[in-house]
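One structure is given here, and the rest of the page talks about it.
Both counts, for ligands and for their atoms, begin at 1 and track the order of listing. Only this structure's heavy atoms are used, side chains among them; waters, hydrogens and symmetry mates stay out.
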Amino acid sequence: MKTVAAELAFFLRGQARKNLKLLIVYCCFLFTMVLVYAMVFRHLMWYLEGREYSIIAGIYWTITVMTTLGFGDITFHSEPGYIFAALVTISGVIFLLILLPFGMISLFIAPWIEERIRYRPPPELPNDMQGHVLIFGIDAVTRALMRKMQGRRMPFVVIAANHDEAYALEAQGLRVLYGIPTDSAFLSGARVAQARYIISNLGDPETINLSLTVRTLCETPIAVIAEEPEHVELLRLAGANQAIPLSRILGRYLAIRATTRGAKAHVLDSFGTLLIAEIPLYGTPFVGRTLEQISLRQQTNLAVIGLWERGVFSIPRRDSLLSEKALMVLAGTQEQLVALERLIDEKSGEDLVFVLGHGRIGCAAASYLDNMGVPFVLVDQQENPHCEEHSAVVGDATSRALLWKSGIARARGLIVTTNDDNSNIFMTLAARHSNSHIRIVARANREENVDQLYAAGADFVVSNASVGASILTNVLENKESIYLSEGIGVFRRPLPPNLAGMRLNEAHIRRQTGCSVVAIENSESAEPLIMPPPETVLEAGSDLILIGSPEQEEDFNRTFR
Ligand code: ADP
Ligand code: ZN
């Protein structure tokens with residue numbers, strides 16, 4: 001659809017736009033000609049032959065004659081009439097059948113084809129270009145990244161794999177280069193040494209080649225998405241500064257959110273000793289009670305910093321009711337999470353998780369569940385040739401009978417992770433329909449499908465593109481930040497000097513920026529102060545850990561610059 005729009009955009013640019021105006025004027029001229037003929041036809045019919053026709057009949061007669069269709073249902077029976085009809089036919093042939101197509105071809109079709117044939121994507125950047133990010137490999141992840149970069153006004157250049165791709169990208173207003181990514185002359189023309197960062201999502205072998213070539217030219221940092229987690233080491237050896245095993249991270253995110261067992265294993269990420277974890281409430285003794293009633297703080301010292309319910313994030317209040325559908329975001333230390341684990345494990349029953357799809361991501365999720373000691377059943381329509389670790393039920397995961405036979409009725413968690421979003425939506429809907437309690441975590445291959453997956457009944461949706469783009473943006477911004485989901489994250493900022501010495505409630509951080517302070521890390525004390533009370537005095541030199549949306553984070557940066 002986007003490609004069609006990009007092609008149509010040609011007709012609204014430059015000379016084509018002027019020609020379009022010409023075409024409109026010509027069509028007006030034709031229309032007037034038809035009207036005039038129709039009126040003359042009416043008069044002639046009346047005066048010459050005494051027959052009366054409406055103006056609509058006149059237009060109909062003119063068009064059938066001008067286009068040489070001539071049905072013959074309305075005809076003149078007098079010589080002046082014949083002469084008029086012949087005149088209309090001849091002008092129809094000239095103005096409608098010859099000049100119009102000729103104009104269309106010479107003014108629109110030919111210039112459009114010519115532009116496509118003549119189009120040469122630029123092979124190099126101007127000599128003064130610097131501080132740009134070079135993006136190699138275009139897919140959903142890098143497209144989401146480009147959107148984020150456009151929002152942040154970060155200059156970037158995308159390297160297209162072929163002419164058509166370059167043409168389509170340029171038509172979308174992106175800055176494009178076309179060349180062989182592993183050719184040093186091309187890379188020099190792309191001013192790789194002056195670039196701020198290089199991002200590659202080309203596939204591991206080509207990325208390795210690219211990194212090696214870049215390293216012969218310059219020290220510009222390189223961040224890459226590793227197709228296979230086992231290749232991370234090789235990619236680093238080849239010169240990549242950051243190799244992100246995206247499928248393993250996605251698998252882990254899915255697994256973390258599909259099970260309630262092992263709070264330690266729910267850790268998403270960390271800031272030093274401060275861990276951020278997410279734990280689904282289903283199956284825990286907390287369901288149906290308020291935050292105040294479960295007194296998690298008193299029992300474990302852990303702080304609940306957020307609640308997710310069906311993709312909606314909220315900052316919890318003391319009277320927030322904990323539903324079995326919700327997911328708690330916790331901040332605390334390793335020991336505190338172990339204390340929670342004991343609390344939950346004492347009371348919760350056995351988990352069983354179904355994983356539908358045994359590709360790279362499904363396999364990573366299964367390995368993670370395995371490490372946590374959670375029993376699982378893998379279903380895939382084919383054997384995974386790269387995995388010797390797991391055995392999967394082979395069959396179509398959209399088949400209810402197959403899932404039933406494999407014991408899905410006993411499952412408490414379901415991970416839907418095929419590479420086809422339509423199948424994922426179908427499976428989510430079918431699973432929700434037959435088991436209203438099962439915890440469904442679904443993967444969205446395309447961002448557009450996140451809402452449909454929630455609508456189909458998923459409790460949590462992880463979007464490949466959003467996660468990948470967020471990780472890459474953090475790398476580019478050199479930011480320590482934890483991605484919770486699209487639209488929410490935890491990040492660290494040094495205490496703004498003008499807040500030093502104030503009490504937390506006097507700083508009005510939430511009122512001014514919308515961000516909430518999750519913890520304060522004081523350089524002297526090793527343990528972070530989690531969920532600091534309002535009267536905490538902010539000491540100079542400490543770090544704030546905050547939770548908020550990217551916009552709120554921007555507000556924080558602006559307010560406390
Ligand atoms: P990734 O590596 O990103 O996880 P893959 O394309 O390798 O993606 O894996 C997707 C997996 O989903 C494949 O193994 C494919 O066989 C499986 N799959 C797709 N549709 C179905 C289905 N209807 N039933 C079972 N498995 C499916
Ligand atoms: Zn596997």
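Scanning all heavy atoms of the two residues, the minimum distance from V329 to F313 falls at CG2-CE1, 4.0 Å. Shown here for I305 and A331, the closest heavy-atom pair between the two residues is CG2-CB, 3.9 Å.
Put simply, H390 gets within reach of the Zn ion (ligand 2), with an N, O or S atom under 2.8 Å from it.
Looking at ligand 1, you'll find an N or O of A397 within less than 3.5 Å of one of its N or O atoms. When only interatomic distances are considered, the shortest N/O to N/O separation between I361 and ligand 1 falls below 3.5 Å. Taking distance alone, with nitrogen or oxygen atoms compared against 3.5 Å, D380 approaches ligand 1 more closely than that limit.
Nearest N/O/S atom of H358 relative to the Zn ion (ligand 2): this is NE2.
Nearest residue to atom 2 (O) of ligand 1 from R360, E227, E228 is R360 (criterion: closest heavy atom). The closest heavy-atom contact to atom 26 (N) of ligand 1, among the options Q382, R443, Q381, H386, comes from Q381.
In this structure, a donor-acceptor pair under 3.5 Å is present between the side chains of D396 and T398. A donor-acceptor contact closer than 3.5 angstrom is absent between the side chains of S367 and D370.
The shortest contact between atom 5 (P) of ligand 1 and any protein heavy atom is with G359 CA, 4.0 Å.
Of the listed residues (N201, D204, T207), just one forms a side chain to side chain contact (heavy atoms under 4.5 Å, CB included) with E227, and that residue is D204. Results of the side-chain hydrogen bond (donor to acceptor under 3.5 Å, both in side chains) test with N445 over E448, R443, E447 single out R443 as the only residue that passes.
Remark: the backbone N or O of G239 is not paired with any side-chain donor or acceptor of R236 at under 3.5 angstrom. Using modelled atom types, no side-chain atom of D380 and backbone atom of V394 make a donor-acceptor pair closer than 3.5 Å.
Assignment of N384 to the shell around ligand 1 is not supported, since no heavy atom sits closer than 4.0 Å. At least one heavy atom of G395 sits closer than 4.0 Å to an atom of ligand 1.
Seen from the Zn ion (ligand 2), atom SG on C363 and atom SG on C387 lie at an angle near 110° (rounded to 10 degrees).
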Intermediate values then yes/no, side chain to side chain contact (heavy atoms under 4.5 Å, CB included), F271 and D543:
CA-CA 11 Å; F271 291 111; D543 275 350; over 6 Å; no

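When heavy-atom distances to ligand 1 are checked against a 4.0 Å cut-off, N419 comes that close through both its backbone and its side chain.
Of all the atoms in ligand 1, the ones that sit under 4.0 Å from a non-hydrogen atom of M427 are 22 (C), 23 (N). Short contacts between ligand 1 and D396, defined as distances under 4.0 Å to a heavy atom of the residue, involve ligand atoms 22 (C), 23 (N), 24 (N).
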